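Predicted model only: the values in this text are computed from it and were never measured. For the numbers below, each heavy atom of this structure counts, side chains included, while hydrogens, waters and symmetry mates do not.
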Protein chains: 2
Amino acid sequence: MNDRRLEGLRRRQANSLGFLLIRCGQLFNERGIAGVNAEAGRPVLREAHTKLLPHLQAPDGVRITELARVLGVTKQAVQPLVAELAEAGVVRVEADPADARARRVSLTAHGVDAMLHGTGVLERIERELQPRLKRGEVEKLKMMLRGLLGVLEAG
Amino acid sequence: MNDRRLEGLRRRQANSLGFLLIRCGQLFNERGIAGVNAEAGRPVLREAHTKLLPHLQAPDGVRITELARVLGVTKQAVQPLVAELAEAGVVRVEADPADARARRVSLTAHGVDAMLHGTGVLERIERELQPRLKRGEVEKLKMMLRGLLGVLEAG
DNA sequence: TCATATGGTCAAGAGAGGTTGACTATTGGC
DNA sequence: GCCAATAGTCAACCTCTCTTGACCATATGA
C-alpha cells in the first residue's frame, strides 16, 4: 500500500543534492575509518576526529574557543578531544603570543603525516572504485565538488 | 615551518574524491539536522536516525538482525533506536509472516511523510545555494553522484 | 584602576550508543 | 523427534560526548 509513496520518496531523494552527498560521504567516511583502524590493528580514529581535524589546518593554530564555535559545542566539550590528540602527538598546544590567556592548537609534523596517511586510505578506496567509474567523469566530479565545498564553507 | 607541508596536505585533500564527499556530506548533514530541529522547535532528529532511516525503505520492512548487520553493530544496539522510532510513530514493527521468530521494521505513512519533509529541508538548503552555483552543473553533479552511489552501495 | 568580558580549566553528572552474557521461542536439517 | 542455529529480548555495564556550574588568569575600556 505504501509502495507508491516509497517509490516517490526514493525518486525525490535521488534528485536531492544534499541527500546524495550525505549518503556518499557517509559511505566513504565509514570505509575510511575502517581502513585506518584496520591498518593500525586497533581503533585509533573516531568520527569525532574527522570532524575536528579539518579545522586544525591553520599554520598558526586555532584557539579552543574557535574550535568550539565552529563545531557548535562548548569549549569544555572540545578539551578532552584536544587533550587526547595532544597525548597521541597529533597536535600541539602552545601559548598564544598575542594573548596570554589563550592557547593555540596546531598540527604537529606527525599530525600532518597522519592526515596524509588518512587521505591515502581514501585515495586507495577511490582507486578500487575506479574500474567501475568513467575515468573522465571522476575528474569533473572532483572539480565540481571543490566548487561546491567552497560555497558551503563560505557560509 | 610546517606551512609547506600543510599546503601539500590541503592540495592532496582537494584532489581526493573521498575527502571532498565527506566534507560536503558533513556540512549538508549538519545543516539538514539543524533545519529539521529548528522547525520542530526541539531536537527530534539525531545522526543515528540519518544512518538508520535510509535502510528502512524496503516495502515489506527489514529485520532487526539485517539492520544491525548493515550498520555494523549488534542487534541489541539497534533495538532502542527502533523502539524510539516506533514510539514516535515513524516505524512499525510487525511479525514476519514467513518466520515466527522474526519481526519486520518498516516505515509508517507518517514515517514516509517525515522523510519527505527531511528531504524538503535538504532541497531548501540546495535552493539557497543555487544563486552561487552554475545552474547546469548541479544537474550534472547529481547525475554523477547517483552513479557513484550505485557503485558504492553495490559493494 | 577597577569592573566587566573573555580564554581556558576542573568537576560532576546526564544521556546516547555501544558492548557482553544469559535467556526464550522458533526454525530447519538430520 | 531431536538438536544446533537463528531471531529477538532483557539486564548490566562501559565509554564517549556533551552539558552546567564554579573557578582562575588575563585583557580591555570607561
Side-chain angles (χ1 to χ4, degrees), chain A residues 26 29-30 33-34 36-37 40 42-56 58 60-88 90-106, chain B residues 26 29-30 33-34 36-37 40 42-56 58 60-88 90-106:
Chain A
Q26 273 179 348
N29 200 25
E30 286 168 16
I33 290 177
V36 168
N37 288 336
R42 67 199 163 87
V44 291
L45 189 61
R46 301 195 305 279
E47 296 216 7
H49 300 132
T50 68
K51 282 196 181 167
L52 182 63
L53 290 173
H55 301 288
L56 287 175
D60 296 327
V62 184
R63 293 191 182 174
I64 298 259
T65 303
E66 173 67 8
L67 288 175
R69 196 187 58 75
V70 297
L71 294 177
V73 299
T74 61
K75 51 194 176 178
Q76 292 94 321
V78 177
Q79 234 169 351
L81 202 54
V82 168
E84 181 190 350
L85 291 172
E87 175 73 21
V90 172
V91 304
R92 110 175 46 92
V93 184
E94 293 165 314
D96 185 332
D99 187 335
R101 294 170 303 179
R103 308 177 72 190
R104 298 196 151 268
V105 184
S106 54
Chain B
Q26 273 179 350
N29 201 25
E30 287 169 16
I33 289 177
V36 168
N37 288 336
R42 67 199 163 86
V44 291
L45 189 61
R46 299 195 305 279
E47 297 216 5
H49 300 131
T50 68
K51 282 196 182 166
L52 181 63
L53 290 172
H55 300 289
L56 287 175
D60 297 326
V62 184
R63 292 190 183 177
I64 298 259
T65 302
E66 172 67 8
L67 287 175
R69 195 188 58 75
V70 296
L71 294 178
V73 299
T74 61
K75 51 193 177 179
Q76 292 94 322
V78 177
Q79 234 169 350
L81 202 54
V82 168
E84 182 190 350
L85 290 173
E87 175 74 21
V90 172
V91 303
R92 116 178 36 95
V93 183
E94 292 166 315
D96 185 332
D99 185 336
R101 295 169 302 177
R103 308 177 71 192
R104 299 199 149 266
V105 184
S106 55

Name the atoms and distances for all side-chain donor-acceptor pairs under 3.5 Å in residues 63-70 of chain B, with sequence neighbours left out.
| from | atom 1 | to | atom 2 | distance (Å) |
| --- | --- | --- | --- | --- |
| B/R63 | NE | B/D96 | OD2 | 3.4 |
| B/R63 | NH2 | B/D96 | OD2 | 3.3 |
| B/E66 | OE1 | B/R69 | NE | 3.3 |
| B/E66 | OE2 | B/R69 | NH2 | 3.0 |

Name the atoms and distances for all side-chain donor-acceptor pairs under 3.5 Å in residues 76-87 of chain A, with sequence neighbours left out.
| from | atom 1 | to | atom 2 | distance (Å) |
| --- | --- | --- | --- | --- |
| A/E84 | OE1 | A/R46 | NH2 | 3.0 |
| A/E84 | OE2 | A/R46 | NH1 | 2.9 |

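One finds no side-chain N or O of A/R63 lying less than 4.0 angstrom from the OP1 or OP2 phosphate oxygen of C/dT6.
Bounding nucleotides for the chain B contact on DNA chain D, 5' to 3', at a heavy-atom distance below 4.0 Å, are D/dA5 to D/dC10.
A search for salt bridge (Lys or Arg N to Asp or Glu O under 4.0 Å) contacts involving B/E30 returns nothing, not counting sequence neighbours. Under the side chain to side chain donor-acceptor pair (under 3.5 Å) criterion, A/T50 pairs with no residue, sequence neighbours left out.
In terms of heavy-atom proximity, B/L53 sits nearest to B/V90 at CD2-CG1, 4.3 Å. The heavy-atom pair separating B/E94 from B/S106 by the smallest distance is OE1-OG, 4.1 Å.
Separation of atoms CD (B/E47) and CG (B/N29) is listed at 5.0 Å; rounding is to 0.5 Å.
Here the side chains of A/H55 and A/L71 are in contact, with some heavy-atom distance below 4.5 Å.
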Legend entry - Protein-to-nucleotide contact annotation, 5' to 3' order, nucleotides 17-30 of chain C [B base; S sugar-phosphate only; - none; under 4.0 Å, heavy atom]: SSBBB---BBS---

